[in-house]
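One structure is given below, encoded as structure tokens.
Residue numbers run from 1 in the order of the sequence given. All values below were derived from every heavy atom in this structure, side-chain atoms included, with hydrogens, water molecules and symmetry-related copies excluded. Every number for a ligand or one of its atoms is a count from 1 in the order of the listing.
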Amino acid sequence: MSNNPFLDIYPEVAEALRAGKPVVALESTIISHGMPYPQNVETALNVEKIIRESGAVPATIAIIGGRLKAGLSPEEIEYFGKKGREIAKVSRRDIAAICARGEDGATTVTTTMMIAHMAGIQFFATGGIGGVHRGAEKTMDISADLEELGNIPVTVVCAGAKAILDLGLTLEYLETRGVPVIGFGTEELPAFYSRHSGLQVDYRMDSAKEIAAAFHAQQAMGLKGGMLVTNPIPEEYAMDDAVINQAIDQAVAESVAQGIKGKEITPFLLARVAELTGGDSLDSNIQLVYNNARLASEIAKEYAKI
Ligand code: PSU
Ligand code: MN
């Protein structure tokens, strides 16, 4: 199937790809760094189940013992969730060194897109993407996720991005990189826990079919880069804006005071916001991932019909 000497495609995934069936990629940093054990494992297994029930095949992506994995076994998912933050968070700059050393790696949106593309997968569901951090005009901290969205032809379905970031600057950067930002059933960019950011998406689309058609046009023209689909958290799981924004502001202030930098900053902020808001934000996080997995499956199914 693949002549990439570092890539292992899970048999169920390889078979689906050969048969032209819809496949949806999932990331592993959300498992190891985005949620606590054991909810991370439970969520990762459930999300695969939801994709199967929707009529697509899930491919959770990770690096194990220096091998790029497109599709994991349930035992491998358990292993990742248990090891949690002991596993290295791997971005584009890390991937070659980690593989050459034969180490494990948790894939971010960036590296999940890369490995999905190597395997021939075009759709990917996650929770939130990285973006331009608050204060980036000084720190230059801009997530590699935005670069990859500009490079790789994969449609990423997320719930927007967390307000730990500067969402306005994140949209500016995506525009520069030529990435269309689609709002599913909304004109307003959702902000992960909240359905509202006060910012506009580029295009509102109301069906999976419409999104699949846009991605198809992009592919047929041979355009570089992917698409970002932002899917608002279901109303019943959305958090109170004042509660979540207060927790985010506090977490950001602590990160500045403690001098947290580089790849540590996003996991620090995610964990701190989760602590400050108790179990509520974790519940919301889990539900929005399920919601995104359903939509990504529908888009992949519509695309397979074109
Ligand atoms: N934002 C979230 N949840 C996450 C992440 C971001 O709400 O789990 C993870 C994703 O793996 C994303 C990565 O690709 O963090 C971005 O890290 P950084 O900001 O260091 O690029
Ligand atoms: Mn960064």
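Per-residue contacts place L270 under 4.0 angstrom from the following atoms of ligand 1 (heavy atoms of the residue considered): 2 (C), 3 (N), 4 (C), 5 (C), 7 (O), 8 (O). Every atom of ligand 1 with a heavy atom of T29 under 4.0 Å away is listed here by number and element: 11 (O). Near K89, with a cut-off below 4.0 Å to any heavy atom, the atoms of ligand 1 are 17 (O), 18 (P), 20 (O). Heavy-atom proximity to F192, at under 4.0 Å, picks out these atoms of ligand 1: 7 (O). Which parts of ligand 1 touch K162 is read off a 4.0 Å heavy-atom cut-off, strictly below it: atoms 2 (C), 3 (N), 7 (O).
A ring-ring contact (aromatic ring centres under 6.0 Å, His included) check over residues 100-123, counting only residues at least two apart or in different chains, returns the pairs F123-F215, F123-Y303. Sorted by first then second residue, the ring-ring contact (aromatic ring centres under 6.0 Å, His included) pairs that include residues 149-200, not counting sequence neighbours, number zero. Sorted by first and then second residue, the ring-ring contact (aromatic ring centres under 6.0 Å, His included) pairs involving residues 41-65 (not counting sequence neighbours) form an empty list.
The closest protein non-hydrogen atom to atom 1 (N) of ligand 1 is G128 O, 3.6 Å. At the top of the distance list for atom 11 (O) of ligand 1, counting protein heavy atoms only, stands E27 OE1, 2.6 Å. In terms of protein heavy-atom proximity, atom 21 (O) of ligand 1 is nearest to S143 OG, 2.7 Å.
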### Task
Just do the side chain to side chain contact (heavy atoms under 4.5 Å, CB included) check on Q218 and T155 with the steps written out, would you?
CA-CA 11 Å; Q218 195 171 307; T155 290; over 6 Å; no

### Task
Give the C-alpha distance, both sets of side-chain angles, the deciding distance and a yes or no for side chain to side chain contact (heavy atoms under 4.5 Å, CB included) between I121 and V13.
CA-CA 9 Å; I121 302 168; V13 174; 4.2 Å; yes

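Screening T107, T111, I63 for a side-chain contact (heavy atoms from CB on, under 4.5 Å) involving L68 leaves a single residue, I63.
At a threshold of 4.0 Å, the pair E53-K49 counts as salt-bridged, since one of the basic side-chain nitrogens sits closer than that to a carboxylate oxygen. Ion pairing of K305 with E302 is present here, as a side-chain N (NZ or NE/NH1/NH2) and a carboxylate O approach within less than 4.0 Å. A salt bridge links R177 to E147: one of the charged nitrogens lies within less than 4.0 Å of a carboxylate oxygen.
Between the side chains of Y79 and D104, at least one donor-acceptor pair of N or O atoms lies under 3.5 Å. Looking only at atom types and distance, the side chain of E15 has no donor-acceptor partner in the side chain of Y10 under 3.5 Å away. No donor-acceptor contact under 3.5 angstrom links the side chains of T108 and T29, judged on distance only.
The shortest N or O to N or O distance between V109 and ligand 1 is under 3.5 Å. Considering backbone and side-chain N/O of T266, one or more are found under 3.5 Å from N/O of ligand 1.
With a cut-off of 2.8 Å, the protein N/O/S atoms near the Mn ion (ligand 2) add up to 1.
The closest approach between any non-hydrogen atom of H133 and ligand 1 is below 4.0 Å.
Summarising the contacts of atom 12 (C) of ligand 1 with I30, I142, T111, D145, the nearest heavy atom is found in D145.
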